[in-house]
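Nothing fancy with the numbering, it's 1 onward along the sequence.
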Amino acid sequence: MKTFIRTTILLLATLLMTSAGRRDVRPGMVQFDRAFLPALDYTLHANTHDAKKAVFYLEFRWRRLRGQLAHQYPAETETLRRIDSWLGDAYYAIDANRPYTAANQLEHVKYELMVLRGHYGIDYYLDDLYDFQGGLELLTEAANDEMLCLMDWGEFIALGKELRLEWQYIMQKPFDQELYDFDDQTVKRLTYEQRAMAEALYTFAKATNRADRNAVATAAKDLMPHYNEVLRLFGDYQSTQTFFARHNLIR
């Protein structure tokens, strides 16, 4: 009987440890990205003034997320070390007024976390957006290049079609409103911006069907701005500023 009780206790303890080990880290990732996206946005637009403020909120959120990831995924020590290094380099570049260098370092951070989530099968809406962004950037670059970035016209058309299908998938995929802390109004805004992006892709497709290079280049100019409007909904620009002010970090 004592052996049975001891075995039962050990089994329950194992189950509790397993449950604790499977703690959902996505909320921490969401909070990190709410700080990360404004910092990346500011650097991409060479806004070093606001980027310097954003650094403090970003680092605060990273420390929180880093602790969770280190506990949840002890095998990812090297990944976390690399992210520490990329962030440190980005902070240094921002402080030195080199925003585009900083943006490049922050893109590495984004990539490291995408790979980590992919490795552990973590479903994350922003990864769908990030994956889409890579193809969109290539499409817009090719649309404005006389050589189509060395693609032939058929490949260019195929890429545009692939991105339209990918965006439809993103729009139709169930969205976890609670996880991303979106109120009903923000969800409506997300739906609106998603549709605006879909319309911009459709306009671009019509231009490519006419094989009008000028029309294609003109239509391509609307793609990234519409995409960015979707992405910005996931950044907390207000907290980025208030965190800085609240901690008297002005220098």
If every non-hydrogen atom of [X] is compared with every non-hydrogen atom of [Y], which pair is closest and at what distance?
{"X": "P38", "Y": "G235", "result": "CD-CA, 4.0 Å"}
{"X": "D41", "Y": "Y237", "result": "OD2-OH, 2.7 Å"}
{"X": "R213", "Y": "D145", "result": "NH2-O, 2.8 Å"}
{"X": "L233", "Y": "L190", "result": "CD1-CA, 3.5 Å"}
{"X": "L44", "Y": "A103", "result": "CD2-CB, 3.7 Å"}
{"X": "A51", "Y": "T43", "result": "CB-CG2, 4.1 Å"}

### Task
Kindly determine whether L106 and L58 satisfy side-chain contact (heavy atoms from CB on, under 4.5 Å), including the steps that lead there.
CA-CA 11 Å; L106 293 176; L58 174 58; 4.2 Å; yes
Residue pair [X] / [Y], side-chain heavy-atom distance below 4.5 Å:
{"X": "D33", "Y": "K110", "answer": "no"}
{"X": "R61", "Y": "R34", "answer": "no"}
{"X": "D176", "Y": "Y125", "answer": "no"}
{"X": "V230", "Y": "W167", "answer": "yes"}
{"X": "L65", "Y": "M29", "answer": "yes"}
{"X": "K52", "Y": "V55", "answer": "no"}
{"X": "D184", "Y": "Q177", "answer": "yes"}
{"X": "L179", "Y": "P27", "answer": "yes"}

### Message
If you apply the rule side-chain hydrogen bond (donor to acceptor under 3.5 Å, both in side chains), what do you find for K53 with N47, and how did you get there?
### Response
CA-CA 10 Å; K53 295 180 181 180; N47 183 350; over 6 Å; no
State which residues pass side-chain contact (heavy atoms from CB on, under 4.5 Å) with [X]; sequence neighbours excluded, sorted by chain then number.
{"X": "D84", "value": "W62, R63, R66"}
{"X": "A54", "value": "A39, Y42, T240"}
{"X": "Y202", "value": "K206"}
{"X": "D123", "value": "K173"}

Do you reckon [X] sits in the same ILVMFWY cluster as [Y], going by side-chain contacts under 4.5 Å, direct or chained?
{"X": "M171", "Y": "Y130", "result": "yes"}
{"X": "V187", "Y": "I170", "result": "yes"}
{"X": "L80", "Y": "Y120", "result": "yes"}
{"X": "F204", "Y": "W153", "result": "yes"}
{"X": "F32", "Y": "F182", "result": "yes"}

Atom pair [atom1]/[atom2] of [X] and [Y] - distance to nearest 0.5 Å:
{"X": "H45", "Y": "N228", "atom1": "NE2", "atom2": "CG", "result": "6.0 Å"}
{"X": "F132", "Y": "E137", "atom1": "CZ", "atom2": "CD", "result": "10.5 Å"}
{"X": "T218", "Y": "N144", "atom1": "OG1", "atom2": "CG", "result": "8.5 Å"}
{"X": "L223", "Y": "Q133", "atom1": "CG", "atom2": "CD", "result": "12.5 Å"}
{"X": "I122", "Y": "R26", "atom1": "CD1", "atom2": "CZ", "result": "8.5 Å"}
{"X": "E162", "Y": "E155", "atom1": "CD", "atom2": "CD", "result": "11.5 Å"}

### Task
Any chance you could lay out the side-chain contact (heavy atoms from CB on, under 4.5 Å) test for L231 and L126, step after step, and finish with the verdict?
CA-CA 8 Å; L231 194 61; L126 283 172; 3.9 Å; yes
## Note on the structure
Applying ring-ring contact (aromatic ring centres under 6.0 Å, His included) to Y169 and not counting sequence neighbours gives none
## Note on the structure
Using a 4.5 Å side-chain heavy-atom cut-off and chaining through intermediate ILVMFWY residues, the residues clustered with Y100 come out as none
### Message
Looking only at the side chains, is there a donor atom on one of H226 and D222 sitting less than 3.5 Å from an acceptor on the other?
### Response
no
### Task
List the steps, then state whether side-chain contact (heavy atoms from CB on, under 4.5 Å) holds for Y180 with T186.
CA-CA 10 Å; Y180 292 93; T186 309; over 6 Å; no
Take atom [atom1] in [X]; do more than 12 heavy atoms of anything else shown fall under 6.0 Å from it?
{"X": "E78", "atom1": "CD", "result": "yes"}
{"X": "R232", "atom1": "CZ", "result": "yes"}
{"X": "R195", "atom1": "CZ", "result": "no"}

### Message
Between L136 and M197, is the side-chain contact (heavy atoms from CB on, under 4.5 Å) condition met? List the steps.
### Response
CA-CA 11 Å; L136 186 65; M197 180 74 228; 4.2 Å; yes
### Message
With a 3.5 Å distance limit and no angle check, can you tell me whether N209 reaches the backbone of A205 through a side-chain donor-acceptor pair?
### Response
yes
